[in-house]
Novice: 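Sharing a structure here in structure tokens format.
As the structure lists them, so they are numbered: ligands from 1, and atoms in each ligand from 1.
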Amino acid sequence: MIPKQLIDILKKDPKVVVLTGAGVSAESGIPTFRDALTGYWSKFDPQELATRRAYSANPAMVWQWYAERRQTALDCDPNPGHFALAELEKMLSNFLLVTQNVDGLHQRAGSKNVIDVHGNIDRFKCFDHNHPVDSWEETDKLPPLCPKCGSWVRPDIVWFEEMLNTEQIEKAWDASKQCHVFLSVGTSSVVYPAAALPEIALEDGAILVEINPNETPLTRYANFVISKPSGEALPTLIEAVTRNT
Ligand code: OAD
């Protein structure tokens, strides 16, 4: 399943950037966004849930939707794909994991150098001033209120039409420009600016690897395509790279 040439490249300790998307967490039981029958965006309109406008219009409903997603993430465990990426980080001198996932499963699997470009569903800030919020007074009313300014608490994730954290995306950008190998795993490669990272890496001469059971707009540019679920492909890849042959 894993091309020998790719194994040989990874054995040489190249600079590696990995970009992950919802597919990596699918085998943990967390729905993706765009899979036709099971994805969140096949059932819900993102404009009614994942924008500032949606929160202003229906704060209690949107809060509740994210509370349920947060609980799902906390109830799920990292899968062999998450653990394999944590192993890969230990094997390499220069490694960055950029994830679009907000579920925190990479960190729970032991990955250290992680940028969660779309935020984390278990972190909170306030709606008006972005004050970080660790706790709040529980009342009958939802959403809870920021202890500092009294505005609504919201999940610290990136909604549609919002900017990504500049420092984080610049770090991901620089690493992508400099890497030798870029792995795109479990993402549909349609949401920018994250989807630009493999494009930048390619422009600067990196080897592009895609792990995804389905084709994406990136597939035709990839040097290596592994059309398998990441929970299967990543452990096999790591096992092959660590094997002494
Ligand atoms: P998508 O739902 O768009 O894409 C998930 C990808 O995972 C698809 O290409 C599937 O083929 C693939 N996939 C499914 N099961 C897999 C498995 N077991 N192993 C490997 N791949 C698998 O999710 P993302 O690309 O993450 O944004 O979506 C990007 C962003 O769009 C999300 O971060 C979210 C969403 O709107 C925000 O919340 C800001």
Side-chain angles (χ1 to χ4, degrees), residues 1-2 18-55 62 65-66 68-70 72-73 76-85 97-106 109 114-123 125 154-165 168-169 172 183-199 209-222 224-237:
M1 172 182 26
I2 312 292
V18 181
L19 172 67
T20 64
V24 166
S25 295
E27 288 153 274
S28 291
I30 299 179
T32 62
F33 292 94
R34 294 177 183 78
D35 279 302
L37 295 176
T38 52
Y40 281 122
W41 298 156
S42 70
K43 297 189 182 124
F44 304 102
D45 178 355
Q47 295 302 322
E48 286 175 17
L49 290 164
T51 62
R52 279 185 74 84
R53 234 173 309 114
Y55 204 40
V62 175
W65 190 72
Y66 281 103
E68 280 163 28
R69 270 189 61 199
R70 171 175 174 256
T72 303
C76 288
D77 293 318
N79 67 55
H82 295 107
F83 288 115
L85 287 175
L97 174 54
V98 182
T99 187
Q100 298 165 87
N101 299 343
V102 298
D103 55 35
L105 289 180
H106 285 302
V114 185
I115 299 183
D116 38 20
V117 278
H118 291 166
N120 188 311
I121 203 164
D122 197 26
R123 225 170 36 214
K125 62 182 182 179
R154 55 162 284 183
D156 187 2
I157 61 175
V158 177
W159 281 331
F160 287 98
E161 296 147 29
E162 289 187 319
M163 301 284 289
L164 272 58
N165 176 299
Q168 284 192 336
I169 196 69
L183 260 90
S184 174
V185 189
T187 174
S188 57
S189 298
V190 294
V191 175
Y192 285 78
L197 298 175
E199 297 172 358
V209 184
E210 182 176 61
I211 300 179
N212 195 318
N214 300 301
E215 274 197 24
T216 76
L218 197 64
T219 310
R220 66 197 186 101
Y221 301 104
F224 300 99
V225 177
I226 304 172
S227 309
K228 293 274 177 198
S230 49
E232 206 180 303
L234 285 166
T236 311
L237 175 68

Novice: Going by heavy atoms, is Gly231 under 4.0 Å from ligand 1?
Specialist: no

Novice: With distance as the sole criterion, is a donor-acceptor pair present between the side chains of Glu210 and Thr219 under 3.5 Å?
Specialist: yes

Novice: For Glu48 versus Val62, what's the shortest heavy-atom pair and its separation?
Specialist: O-CG2, 3.8 Å

Novice: Is the side chain of Asp116 donor-acceptor paired with the backbone N or O of Gly104 at a distance under 3.5 Å, no angle test?
Specialist: no

Novice: Flag the pair Ile226 / Ile2 as yes when at least one side-chain heavy-atom distance between them is below 4.5 Å, and no otherwise.
Specialist: yes

Novice: In the protein, which heavy atom is nearest to atom 1 (P) of ligand 1, and how far is it?
Specialist: Ser188 OG, 3.6 Å

Novice: Just to confirm my output: which protein heavy-atom neighbour is closest to atom 15 (N) of ligand 1, and how far is it?
Specialist: Ala26 CB, 3.9 Å

Novice: Nearest to atom 5 (C) of ligand 1, what protein heavy atom do you find, and at what distance?
Specialist: Gly186 O, 3.7 Å

Novice: Has Asn165 got a side-chain atom pairing as donor or acceptor with Gln168's backbone, closer than 3.5 angstrom?
Specialist: yes

Novice: Short question: side chain of Glu162, backbone of Trp159 - any donor-acceptor pair under 3.5 Å?
Specialist: yes

Novice: Nearest non-hydrogen atom to atom 10 (C) of ligand 1 belongs to which of Val190, Thr216, Asn212?
Specialist: Asn212

Novice: Nearest to atom 18 (N) of ligand 1, what protein heavy atom do you find, and at what distance?
Specialist: Glu27 OE1, 2.8 Å

Novice: Looking only at protein heavy atoms, identify the closest one to atom 23 (O) of ligand 1 and say how far it is in Å.
Specialist: Ala22 CB, 3.5 Å

Novice: For ligand 1, does Thr187 get within less than 4.0 Å through its side chain, its backbone, both, or neither, judged by non-hydrogen atoms?
Specialist: both

Novice: Relative to the heavy atoms of Phe160, which atoms of ligand 1 are at a distance of less than 4.0 Å?
Specialist: 36 (O)

Novice: For the atom pair CG (Asn212) and NZ (Lys228), what is the distance rounded to the nearest 0.5 Å?
Specialist: 13.0 Å

Novice: Is a donor on one side and an acceptor on the other found under 3.5 Å between the side chain of Asp45 and the backbone of Gln47?
Specialist: yes

Novice: Going by the order shown, which atoms of ligand 1 are within less than 4.0 Å of some heavy atom of Gly21?
Specialist: 26 (O)

Novice: Just to confirm my output: which protein heavy-atom neighbour is closest to atom 27 (O) of ligand 1, and how far is it?
Specialist: His118 ND1, 3.5 Å

Novice: Pick whichever of Glu161, Arg34, Glu162, Gln100 has a heavy atom sitting closest to atom 31 (O) of ligand 1.
Specialist: Arg34

Novice: Just which atoms of ligand 1 are under 4.0 Å from any heavy atom in Pro229?
Specialist: 17 (C), 18 (N), 19 (N)

Novice: Is it the case that atom CE in Met1 sees more than 12 heavy atoms from other parts of the structure closer than 6.0 Å?
Specialist: yes

Novice: Under a 4.5 Å cut-off applied to non-hydrogen side-chain atoms, are Leu105 and Ile30 in contact?
Specialist: yes

Novice: So which heavy atom in the protein is nearest atom 38 (O) of ligand 1, and how far is it from that ligand atom?
Specialist: Val158 O, 4.0 Å

Novice: Are any of the heavy atoms in Trp41 under 4.0 Å away from ligand 1?
Specialist: yes

Novice: Show the atoms of ligand 1 that are less than 4.0 angstrom away from any heavy atom in Asn214.
Specialist: 10 (C), 11 (O)

Novice: What protein heavy atom sits nearest atom 16 (C) of ligand 1, and how far off is it?
Specialist: Gly23 O, 3.5 Å

